Amino acid sequence: MAGSVPGGGRPLIITEDPLLLDDLLRLCAAAGAEPHVHHAVPEPGGAAAAGGETGSAGWESAPLVLVGDDAARRVRGAPRRAGVFLVGRDPDDPHVWQRAVEIGAEEVLRLPDAESRLVDRLADVVEGAGRPALAVGVIGGSGGAGASTLACALAVRAARAGERTILIDGDPLGGGMDVLLGGESAEGLRWPDFAASRGRVGAGALEESLPELHDLRVLSWDRGDRVVVPPAAIRSVVAAARRRGGVVVVDLPRRVDEAVAEVLAQLDLVLMVVPGELRSVAAAGRVAAGVRMVARDVRVVVRGRCAGGLDPESVAGLLGAPLAGEVPVEVGLPGRVAEGEPPGTQGRGALARFCDGFWQRALGSAQGVPA
């Protein structure tokens, strides 16, 4: 039975095909990976054919092994392990799957079609990919529902609990999450800087490039002319944010276009903030219908005291979604925010208590603990 892929180290390439080797070295460079190169299964502690190095170039110790079609027969007797890929160019080879089974490969990759897939796997090795972040979106069921306030507070409380946290502003027409955090002039990249992104975005590079405010990283919009960020770039950036683990919170607009759908598809949970009055519930029903077309899990957060005989459970029932909780209106919060204190900073406030309880349940559930 194959073991787990070892973490860390450098990927191993086994091939004598010079053209295939050039392609693999190019793809490794694109992923930021520095490989070892051998022509056969290396002996434990043996020297690497490419540079005479010894150490972590072994078949069993390499985090990923790329076996060229030409070398499949030479590695047939190697111990079975996870993370072995058979790589070649011929899409019509009828015997390729037989060779893959013989060497215990978990996948056959045909270049150039599988180049992006291979770069992703190599980059996972470089970044030490583990459990992805718990990604939570927050959306207002009606105008002025307080979704941005809740999103900011959730991020602040997660960061204060010691979670690696990234707050993403998903609404280019909003006021800017960096403003809500009091950091509109903080150095770092904003969404327009990622408009030209193609393919995979490095998770570590993304995190380090963003402004750091109140122990979390924030990706917001700038105050310049509006720049359209293509859906593909948005997908790559959100995926990179998730690969670092911890928590990702996204403040969502009240519309579902192609770009928003790319974000929704990567979220584990969407919280819809709904004021407890009938008109807001009616508006939220229309928003919920669009969100449910893409999102896996939508839950209702009722904000403020319900009027007209409604209660939080009734609001959630009318929307056909589970109730995530109730957030009372916090007296004095708007004034504190205006003075530069982000939502959720005061640990004794109703908003902070809701966020702390939410993370205890959500993170516990994500780790296999009943919520």
Side-chain angles (χ1 to χ4, degrees), residues 127-138 146-171 174-191 193-194 201-222 237-252 263 266-269 271 327 330 332-367:
E127 295 173 359
R131 180 191 294 272
L134 177 63
V136 177
V138 185
S148 295
T149 298
L150 178 57
C152 184
L154 283 168
V156 168
R157 299 311 301 175
R160 294 205 168 189
E163 295 290 339
R164 171 186 276 128
T165 305
I166 296 180
L167 174 61
I168 297 177
D169 187 349
D171 187 1
M177 296 303 290
D178 54 351
V179 175
L180 201 53
L181 286 163
E184 60 268 28
S185 61
E187 292 186 3
L189 300 185
R190 266 68 173 179
W191 266 120
D193 297 304
F194 296 96
V201 175
L206 171 69
E207 183 177 21
E208 293 171 5
S209 72
L210 301 178
E212 184 174 10
L213 304 167
H214 301 276
D215 300 320
L216 61 92
R217 299 283 181 166
V218 58
L219 175 55
S220 190
W221 298 87
D222 61 12
V237 169
V238 175
R242 292 204 66 194
R243 285 198 302 274
R244 290 292 279 178
V247 163
V248 173
V249 180
V250 185
D251 181 40
L252 296 164
V263 179
Q266 298 193 58
L267 299 180
D268 298 297
L269 171 66
L271 298 177
V327 180
E330 190 169 317
L333 178 61
R336 295 197 300 271
V337 171
E339 293 174 358
E341 180 182 295
T345 303
Q346 292 214 358
R348 295 186 300 274
L351 184 59
R353 289 197 299 273
F354 170 85
C355 294
D356 290 345
F358 170 81
W359 287 126
Q360 289 174 7
R361 296 188 300 273
L363 290 170
S365 178
Q367 296 166 7

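What you see is a predicted model; the values in this text were computed from it and never measured.
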State, to 0.1 Å, how close [X] and [Y] come at their nearest heavy-atom pair, and which atoms those are.
{"X": "Ala158", "Y": "Val247", "answer": "CB-CG1, 4.2 Å"}
{"X": "Asp193", "Y": "Leu189", "answer": "OD2-CA, 3.4 Å"}
{"X": "Val248", "Y": "Ile168", "answer": "CG1-CD1, 3.8 Å"}
{"X": "Leu213", "Y": "Ala186", "answer": "CD2-CB, 3.9 Å"}

Suppose we screen for side chain to side chain donor-acceptor pair (under 3.5 Å). Which residues come up paired with [X], at least two apart in sequence or across chains?
{"X": "Glu341", "result": "Arg336"}
{"X": "Arg242", "result": "Asp268"}
{"X": "Thr345", "result": "none"}

Side-chain contact test, heavy atoms from C-beta onward, threshold under 4.5 Å: evaluate it for [X] versus [Y] and give yes or no.
{"X": "Asp169", "Y": "Leu180", "value": "no"}
{"X": "Leu271", "Y": "Leu154", "value": "yes"}
{"X": "Leu167", "Y": "Leu181", "value": "yes"}

What residues, two or more places apart in sequence or in another chain, satisfy salt bridge (charged side-chain N to carboxylate O under 4.0 Å, His left out) together with Glu208?
none
Sequence-distant partners of Ala147, side-chain contact (heavy atoms from CB on, under 4.5 Å), two or more places apart:
Val138, Asp251, Val273
Quick one: side-chain contact (heavy atoms from CB on, under 4.5 Å) partners of Arg164, sequence neighbours excluded?
Glu207, Arg244
Can you check whether Ala239's main-chain N or O pairs, donor with acceptor, with Gln266's side chain at less than 3.5 Å?
yes
Main-chain N/O of Ala159 paired with Asp215 side-chain donor or acceptor, under 3.5 Å:
no
In this structure, SG of Cys152 is separated from CG of Leu216 (nearest 0.5 Å) by 7.5 Å
Summary of side chain to side chain donor-acceptor pair (under 3.5 Å) pairs that have at least one residue in residues 178-190, sequence neighbours excluded:
Asp178-Arg190, Asp178-Ser220, Asp178-Arg223
Donor-acceptor list for residues 348-358 side chains, cut-off 3.5 Å, not counting sequence neighbours:
residue : atom : partner : partner atom : Å
Arg353  : NH1  : Arg348  : O            : 2.4
Asp356  : OD1  : Arg157  : NE           : 3.0
Asp356  : OD2  : Arg157  : NH2          : 3.1

If the condition is ring-ring contact (aromatic ring centres under 6.0 Å, His included), which residues does Trp359 pass it with, not counting sequence neighbours?
none
Which pairs with one or both residues in residues 203-222 pass ring pair (Phe, Tyr, Trp, His ring centres under 6.0 Å), sequence neighbours excluded?
Trp191-Trp221
